[in-house]
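Notes for the one structure printed next.
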Amino acid sequence: MSIAAGIVLKNKFVSPGDKRYQAAIDYLDKDKSKRLNNLDKFFAFEQELTTKDAIRLTAIFDSRQDALNQERKGSLKQSFIEAREKNSPMWQTVFSFDNDYLRELGIYRMGEHNFLDEAALRNATRLAMSTMIEDMGLGQTAEWGAAIHFDTDNIHVHVMTVSKDPDAVLDKMTYKGKEVFRAKIPPKAQRSMKSKFGNAIANRDPTLARISFLLRTELVSQSLEKGYSNNLHVMRGLSQLLSTLPKDRRVWKYGNQAMVPFREQLDSLSREILIMNNPDSLKELDVLLTEQSNFFLKAYGEAAVKTNNGKTYKDNQYEALYKNMGNALLKELSSLVVRDEWKTKNQYTPEDIEKYIQKKRAPALTKKALNQINMALNETKQDYLNELAYRREEFRKEQERKRQLEQEPGRGY
């Protein structure tokens with residue numbers, strides 16, 4: 001039996017020349033009753049609408065305010081006007097839900113006391129829109145407004161987004177002979193939006209954080225830190241792998257096309273190391289991935305698996321695990337080769353060693369250095385002798401003057 005999606009995401013864009021663009025701008029600062037009567041004028045998803053009598057909608061909210069005040073409405077409207085003048089496309093996004101799915105999550109309750117956790121939907125919308133803005137590189141140029149629409153058939157969130165400076169963030173293309181901004185949201189970005197929204201309203205962040213830690217740290221890093229040198233089968237496998245890998249170590253990356261023939265062997269060795277060093281963490285990961293895959297299946301239906309080449313979330317994460325392990329093993333093998341090459345390149349012959357010993361036994365001072373020292377000492381000695389000769393000559397002259405004075409008439413003592 002086919003499994004229906006609990007959450008459906010749809011994205012379309014409206015060009016600046018479309019009349020729905022201006023209608024959407026006018027919609028921003030109208031009260032609820034006027035917005036109800038003009039829904040079909042600006043939505044790109046007319047088929048999503050039910051009868052007007054059945055529809056209810058919340059106040060407009062954005063990334064900062066839960067219910068826009070009049071000042072913020074005016075500011076948002078002006079941003080939309082400027083965006084249209086600069087030919088920015090308008091992206092219209094709808095997150096719609098199977099109400100039974102929301103009931104299971106505890107977000108929605110029907111009955112005498114009708115209840116919808118609007119805060120949970122607003123938070124999920126903000127996270128999803130932040131993901132879209134980041135993935136598309138819109139940055140600070142993006143402005144968006146949203147409202148929750150709910151009735152007895154289905155609940156949905158409508159979002160309108162523009163770029164205030166499309167020239168800075170969007171590429172251009174030629175359409176029907178006219179240059180326009182490329183507005184299509186890439187499939188990868190749409191999947192990220194949907195995933196972020198679903199995880200947020202189901203409060204899956206703690207589970208995802210644990211999965212991420214297991215994949216990146218506890219399994220890969222810790223398993224390799226514990227080592228595998230005592231496992232003869234692993235060591236033989238790595239030795240065999242090393243002897244067959246390409247000589248060019250620059251292609252020793254798991255994702256490189258040159259590594260395709262070696263991936264199965266790398267995966268087998270990685271699995272054996274993981275089971276040997278971290279069996280409990282591996283079992284925990286398997287339980288969490290199964291649980292998360294079932295959640296995604298219930299949230300997004302079987303169609304999401306089909307559009308992902310038939311792979312589940314669990315399949316994708318195991319591929320990521322073996323890719324990380326494979327790259328870590330290849331890095332260790334590369335380091336081993338580098339060390340061996342260094343040893344080979346720096347091996348000394350007996351003759352080299354004897355020369356080194358003789359060099360160490362040689363005088364600490366070279367002949368040139370000794371000559372320089374002798375010259376310096378000789379210069380110092382001559383200076384000293386010259387000083388002594390000068391003083392002797394001065395003493396002799398002084399004695400000679402005294403004798404002359406004593407011999408002159410009338411100069412006696």
Side-chain angles (χ1 to χ4, degrees), residues 1-12 93-98 100-102 104-105 124 127-128 131-132 134-136 154 156 184-205 207-216 219-220 253-275 281-330:
M1 184 179 69
S2 178
I3 300 176
I7 304 172
V8 175
L9 167 66
K10 292 184 178 181
N11 275 306
K12 288 186 178 181
T93 303
V94 172
F95 299 96
S96 60
F97 317 99
D98 180 338
D100 288 335
Y101 177 70
L102 296 183
E104 290 180 23
L105 296 178
L127 291 172
T131 298
M132 169 192 160
E134 181 179 354
D135 287 350
M136 293 189 66
N154 82 312
H156 39 276
K184 186 177 179 180
I185 301 176
K188 183 179 179 181
Q190 298 202 51
R191 288 195 296 270
S192 296
M193 291 174 68
K194 195 174 184 180
S195 176
K196 183 66 74 173
F197 193 101
N199 287 323
I201 63 169
N203 193 26
R204 301 295 300 176
D205 286 346
T207 298
L208 293 171
R210 179 58 181 162
I211 288 173
S212 178
F213 181 78
L214 284 168
L215 288 172
R216 297 179 182 276
L219 281 168
V220 177
K253 293 179 177 61
Y254 191 94
N256 193 290
Q257 193 66 24
M259 290 294 106
V260 172
F262 307 100
R263 286 179 190 166
E264 186 176 348
Q265 189 176 0
L266 275 169
D267 291 349
S268 178
L269 291 168
S270 296
R271 193 178 303 110
E272 190 164 351
I273 294 171
L274 289 168
I275 293 172
S281 296
L282 195 60
K283 288 177 183 177
E284 181 188 359
L285 177 68
D286 192 75
V287 170
L288 293 176
L289 290 180
T290 300
E291 180 186 311
Q292 187 68 17
S293 284
N294 291 337
F295 161 74
F296 280 137
L297 189 62
K298 198 164 191 177
Y300 308 133
E302 291 179 344
V305 177
K306 292 178 181 177
T307 57
N308 191 37
N309 298 320
K311 293 179 181 178
T312 64
Y313 173 79
K314 183 176 182 178
D315 296 330
N316 289 334
Q317 296 310 307
Y318 267 123
E319 285 184 2
L321 172 62
Y322 288 120
K323 180 179 181 179
N324 291 339
M325 277 292 293
N327 278 326
L329 287 174
L330 288 169

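Atoms considered below: every heavy atom in the structure, side chains included; atoms not considered: hydrogens, waters and symmetry mates.
- For the residue pair Arg263/Tyr322, the side-chain donor-acceptor check at 3.5 Å is not satisfied.
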Point to revise | Stepwise side chain to side chain contact (heavy atoms under 4.5 Å, CB included) check, Met132 with Ile185 | key: CA-CA 8 Å; Met132 169 192 160; Ile185 301 176; 3.8 Å; yes
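- The closest side-chain heavy-atom distance from Met259 to Leu330 is below 4.5 Å.
- Gly310 approaches Asp315 most closely through the heavy-atom pair O-OD2, 4.2 Å.
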Exercise for review: Assess whether side chain to side chain contact (heavy atoms under 4.5 Å, CB included) is satisfied between Asp98 and Asn154, documenting all intermediate values.
Suggested key: CA-CA 6 Å; Asp98 180 338; Asn154 82 312; over 6 Å; no
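- Note on ring orientation: taking the six-membered ring where Trp is involved, the planes of Phe295 and Tyr101 are tilted (angle from 30° to 60°).
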Practice item. Would you please test Tyr254 and Asp267 for side chain to side chain contact (heavy atoms under 4.5 Å, CB included) and show each step? Key: CA-CA 10 Å; Tyr254 191 94; Asp267 291 349; 2.8 Å; yes
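- Counted within 6.0 Å of CD on Glu104, heavy atoms from surrounding residues, nucleotides or ligands total more than 12; the atom is thus considered enclosed.
- Between Tyr318 and Leu289, some side-chain heavy-atom pair lies under the 4.5 Å cut-off.
- Here the CG atom belonging to Leu219 is positioned 12.5 Å from the CD1 atom belonging to Ile273, to the nearest 0.5 angstrom.
- A 4.5 Å side-chain heavy-atom check between Leu9 and Thr93 finds at least one atom pair inside the cut-off.
- Side chains of Tyr313 and Ile211 form a contact here, defined as non-hydrogen atoms less than 4.5 Å apart.
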Practice item. With side chain to side chain contact (heavy atoms under 4.5 Å, CB included) as the test, would you mind laying out the steps for Leu127 and Asn199 before giving the verdict? Key: CA-CA 10 Å; Leu127 291 172; Asn199 287 323; over 6 Å; no
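- Taking Lys314 as the reference, Asp286 meet the salt bridge (Lys or Arg N to Asp or Glu O under 4.0 Å) condition, with sequence neighbours excluded.
- Under the 4.5 Å side-chain criterion, counting only non-hydrogen atoms from C-beta, Val94 is not in contact with Val8.
- We find the CD-NZ distance between Gln190 and Lys188 to be 13.5 Å, quoted to the nearest 0.5 Å.
- Under the 4.5 Å side-chain criterion, counting only non-hydrogen atoms from C-beta, Met193 is in contact with Phe95.
- Residues Ser270 and Leu329 form a side-chain contact, since some pair of their non-hydrogen atoms from C-beta on lies under 4.5 Å apart.
- If you take CG on Leu282 and CG on Leu321, they are separated by 7.0 Å, rounding to the nearest 0.5 Å.
- Residue Arg210 places its CZ atom among more than 12 non-hydrogen atoms of other residues, nucleotides or ligands, all under 6.0 Å distant.
- When side chains are defined from C-beta on, Ile201 counts as touching Ile7, because their heavy atoms get closer than 4.5 Å.
- Minimum heavy-atom separation, Gly326 to Leu266: O-CD2, 4.2 Å.
- Glu319 pairs by the salt bridge (Lys or Arg N to Asp or Glu O under 4.0 Å) definition with Lys311, not counting sequence neighbours.
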Point to revise | Arg204 and Glu291: CA distance, side-chain angles, deciding distance, salt bridge (charged side-chain N to carboxylate O under 4.0 Å, His left out) verdict | key: CA-CA 11 Å; Arg204 301 295 300 176; Glu291 180 186 311; 3.1 Å; yes
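- Within 6.0 Å of NZ in Lys194 there are more than 12 heavy atoms belonging to other residues, nucleotides or ligands.
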